[in-house]
Participant: 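Before I ask anything, here is the structure I am working with.
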Amino acid sequence: MERTRWIVVGMDFSDGSIRALEFALEHARTVGANVVCVHAYEDAPGTPAFHDPAQAIGEQLEEVIAQRRPTWSSLRVDPVVRRGAPWEKLANVATELGAELVVVGVDGQRGASREGFLGTVAYRLVTTSPRPVVVVPSRPHLDDGH
């Protein structure tokens, strides 16, 4: 029986995460893998226990996927919403699926100055993930000769 290949991509709806999804889709097409697009969230202090944004986030994920998935491709892209620390949830999903790769974007996320050139999520994922991690910048760096 053939094993299903997976690429996990983190989605926080920023420019960097959109570019990460585009990178993951292209790479998945090239290597014959499927993509799971993961959004993880943490409740803000004082959030009522009955408040669960998962359905609305899932619908937003599906919209983003529909806009980016090539119409000519049979590429499978699944949305996943998890409550918890994003770096932990991305690593958890990657481990659960046996994913080959985790892809995240960066674009001046909060915490970037403390953690170095990466944002907090990317930094923690890179340093703790049991799977290889690709970090995609939010904007392409053009070679302008400088």
Participant: As an exercise, state the distance from CD of Glu88 to OG1 of Thr128, rounded to the nearest 0.5 Å.
Facilitator: 7.5 Å
Participant: Would Trp6 and Val93 satisfy side-chain contact (heavy atoms from CB on, under 4.5 Å), going step by step from the backbone distance to the final call?
Facilitator: CA-CA 10 Å; Trp6 288 99; Val93 171; over 6 Å; no
Participant: Decide yes or no for Pro86 and Arg124: does some side-chain heavy atom of the first lie under 4.5 Å from some side-chain heavy atom of the second?
Facilitator: no
Participant: Can you name the nearest heavy-atom pair linking Glu62 to Pro79, along with the distance?
Facilitator: CG-CG, 3.8 Å
Participant: Applying salt bridge (charged side-chain N to carboxylate O under 4.0 Å, His left out), which residue pairs with at least one partner in residues 65-78 are found, sequence neighbours left out?
Facilitator: Glu22-Arg68, Arg76-Asp78
Participant: Could I get the full list of salt bridge (Lys or Arg N to Asp or Glu O under 4.0 Å) partners for Glu63, not counting sequence neighbours?
Facilitator: none
Participant: How far does CZ of Phe23 sit from CD1 of Ile18, to the nearest 0.5 angstrom?
Facilitator: 15.5 Å
Participant: Pairs of donor and acceptor atoms involving the side chains of residues 95-104, under 3.5 Å and at least two apart or interchain, shall be tabulated with distances.
Facilitator:
from	atom 1	to	atom 2	distance (Å)
Thr95	OG1	Ala91	O	2.9
Glu96	OE1	Arg82	NH2	2.9
Glu96	OE2	Arg82	NH1	3.3
Glu100	OE1	Arg5	NH2	3.0
Glu100	OE2	Arg5	NE	2.4
Glu100	OE2	Arg5	NH2	3.2

Participant: Kindly indicate whether the side chain of Val136, heavy atoms from C-beta on, has any atom under 4.5 Å from the side chain of Val106.
Facilitator: no
Participant: Restricting to non-hydrogen atoms, name the atom on Ser17 and the atom on Gly10 that form the minimum distance, rounded to 0.1 Å.
Facilitator: CB-O, 3.5 Å
Participant: Extract all donor-acceptor atom pairs below 3.5 Å that involve side chains of residues 25-40 and protein atoms in other chains or at least two apart in sequence.
Facilitator:
from	atom 1	to	atom 2	distance (Å)
Glu26	OE2	Arg29	NH2	2.5
Thr30	OG1	Glu26	O	2.9
His39	ND1	Met11	O	2.6

Participant: For Ala54, which residues count as a side-chain contact (heavy atoms from CB on, under 4.5 Å) partner, sequence neighbours excluded?
Facilitator: Tyr41, Asp52, Val81
Participant: According to side chain to side chain donor-acceptor pair (under 3.5 Å), who are the partners of Glu59, at least two apart in sequence or on a separate chain?
Facilitator: Gln55
Participant: What distance do Ile57 atom CD1 and Arg83 atom CZ have between them, rounded to the nearest 0.5 Å?
Facilitator: 9.0 Å
